[in-house]
2 protein chains.
Amino acid sequence: MASERRLGSPEAKNRQVLLDAAEQLMLAEGYAAVTARRVAAQAGLKYQLVHYYFRTMDDLFLALFRQRAEEGRERQALALASSQPLWALWEFSTDPAGTRITMEFMGLANRNEAFKAEIARYAELLRAEQLEALPGILQRYGAAAQAYPPEVLAVLLTSVSRVLVMEQMLGVSLGHAQTRQLVERYLRELEGDRRATGD
Amino acid sequence: MASERRLGSPEAKNRQVLLDAAEQLMLAEGYAAVTARRVAAQAGLKYQLVHYYFRTMDDLFLALFRQRAEEGRERQALALASSQPLWALWEFSTDPAGTRITMEFMGLANRNEAFKAEIARYAELLRAEQLEALPGILQRYGAAAQAYPPEVLAVLLTSVSRVLVMEQMLGVSLGHAQTRQLVERYLRELEGDRRATGD
DNA sequence: GTCTATAATCAGATAGAC
DNA sequence: GTCTATCTGATTATAGAC
């Protein structure tokens, strides 16, 4: 029953090369373009190596997701701990690459239940970690910052940034400038002008 | 040069059967699962028929998109012309099937530039049509409705509904109840309780 | 750790019979 | 309008040589 097949070590250099190549492909052409052959070609390796490091393509996707999700958590933690946490969170959320890859993984979730659960788990974790930090942050900013509960703020921030980025990638921009202005005016009210990020 | 190949009439019944089957597959398993063979199986037809009605699979996707996009436009127009336009727009925007298929088409946009342009065109058209109607609607509701410019309102409404639906499909719900309450309180302030929709 | 070779499956697309 | 037959190429995955 148990698979006898050999599997490469998670620390091997080429394993990471393959993961990076897979991510590039995913960003450029979507998850459906991520085949063992194309990943290997992108990485300059033979495609059988993909199967040496990952039993199945879904294993590769899962490994990539976990790696990037952990990096996202760390970036968000840094943002929340910085001197202008709301500005930093906004910038983190409006990063195009992050949104792009998240959307691709949500597409993958549609065909793999285990995947879906994993992604949901991380999405909820990210929001929960926002919700741990937000009350303290908003408290520092006084009454003006208490207009909306932290839960609402977290959802609004995620929503607006995600859709702005998605539409921008598509080439849609109607109403973006005005919405961006509104958000940034709000951030400026609470945290002042955005300072150079040295966090 | 010009293709001599026969193509079935756009009015044929089985053409529509194939489009519907493709949509079901797309909703259930994502665009990558939409192959000629699987579409035909879902429709109970032979897979060569797919190529009879659509020269390529991309032609099928494009036909499906245009059809559904037009339906979406009509639904939105009805909503905007109804007696509680903001409520109706909110309900239209939080329809899971609509969001789901839009996401799939955005995935497809990533691998086909013509597709991307077409989707962008429709997305912008939908928003533009919202922006034609919104000023008049907000004016009817007096000063309370003028807090945000129509452009911002349109983007916010789209953003929040889209992300709520996406996360709900994934199984994430942190902060959703509070956000929904906020939106619905706002709608109630302007348009009163939601009445049975008989528009 | 990397490669050759191979198996089994599935894909899009077309020609032509009925 | 629908089907059979067929071509061509890509895909995942595995076994085993080096």
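Letters A, B, ... mirror the listed sequences (proteins, then strands); counts begin at 1.
D95(B) is linked by a salt bridge (Lys or Arg N to Asp or Glu O under 4.0 Å) to R75(B), counting only residues two or more places apart in sequence or in another chain. By the salt bridge (Lys or Arg N to Asp or Glu O under 4.0 Å) test, E184(A) pairs with no residue at all, sequence neighbours left out. In this structure, the salt bridge (Lys or Arg N to Asp or Glu O under 4.0 Å) partners of E71(A), at least two apart in sequence or on a different chain, are R68(A). In this structure E91(A) satisfies the salt bridge (Lys or Arg N to Asp or Glu O under 4.0 Å) test together with R194(A), sequence neighbours excluded. Partners of E189(A) under the side-chain hydrogen bond (donor to acceptor under 3.5 Å, both in side chains) rule, at least two apart in sequence or in another chain, do not exist in this structure.
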What side-chain donor-acceptor pairs closer than 3.5 Å can you find for residues 159-171 of chain A, not counting sequence neighbours?
{"residue": "S159(A)", "atom": "OG", "partner": "V155(A)", "partner atom": "O", "Å": "2.6"}
{"residue": "S161(A)", "atom": "OG", "partner": "L157(A)", "partner atom": "O", "Å": "2.8"}
{"residue": "S161(A)", "atom": "OG", "partner": "T158(A)", "partner atom": "O", "Å": "3.0"}
{"residue": "E167(A)", "atom": "OE1", "partner": "H176(A)", "partner atom": "NE2", "Å": "2.6"}
{"residue": "E167(A)", "atom": "OE1", "partner": "R127(B)", "partner atom": "NH1", "Å": "2.7"}
{"residue": "E167(A)", "atom": "OE2", "partner": "R127(B)", "partner atom": "NH1", "Å": "3.4"}
{"residue": "E167(A)", "atom": "OE2", "partner": "R127(B)", "partner atom": "NH2", "Å": "2.8"}

Expected list for residues 134-153 of chain A: side-chain donor-acceptor pairs under 3.5 angstrom, two or more places apart:
{"residue": "Y141(A)", "atom": "OH", "partner": "E191(A)", "partner atom": "OE2", "Å": "2.6"}
{"residue": "Q146(A)", "atom": "NE2", "partner": "L138(A)", "partner atom": "O", "Å": "3.1"}
{"residue": "Q146(A)", "atom": "NE2", "partner": "G142(A)", "partner atom": "O", "Å": "3.3"}

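Listed by first then second residue, pairs satisfying ring pair (Phe, Tyr, Trp, His ring centres under 6.0 Å) with a partner in residues 63-98 of chain A read F65(A)-F105(A), F65(A)-Y122(A), not counting sequence neighbours. Legend: ring pair (Phe, Tyr, Trp, His ring centres under 6.0 Å) pairs involving residues 22-64 of chain B, not counting sequence neighbours, sorted by first then second residue: Y31(A)-Y31(B).
Contacts of residues 33-51 of chain B with DNA chain D (heavy atom under 4.0 Å): K46(B), Y47(B), Q48(B), L49(B). Listed in residue order, the members of residues 19-31 of chain B having a heavy atom less than 4.0 Å from DNA chain C come to none.
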For nucleotides 16-18 of chain C, tabulate all protein N/O to nucleotide N/O atom pairs closer than 3.5 Å, reporting atom names and distance.
{"residue": "dA17(C)", "atom": "N6", "partner": "R6(B)", "partner atom": "NH2", "Å": "3.3"}

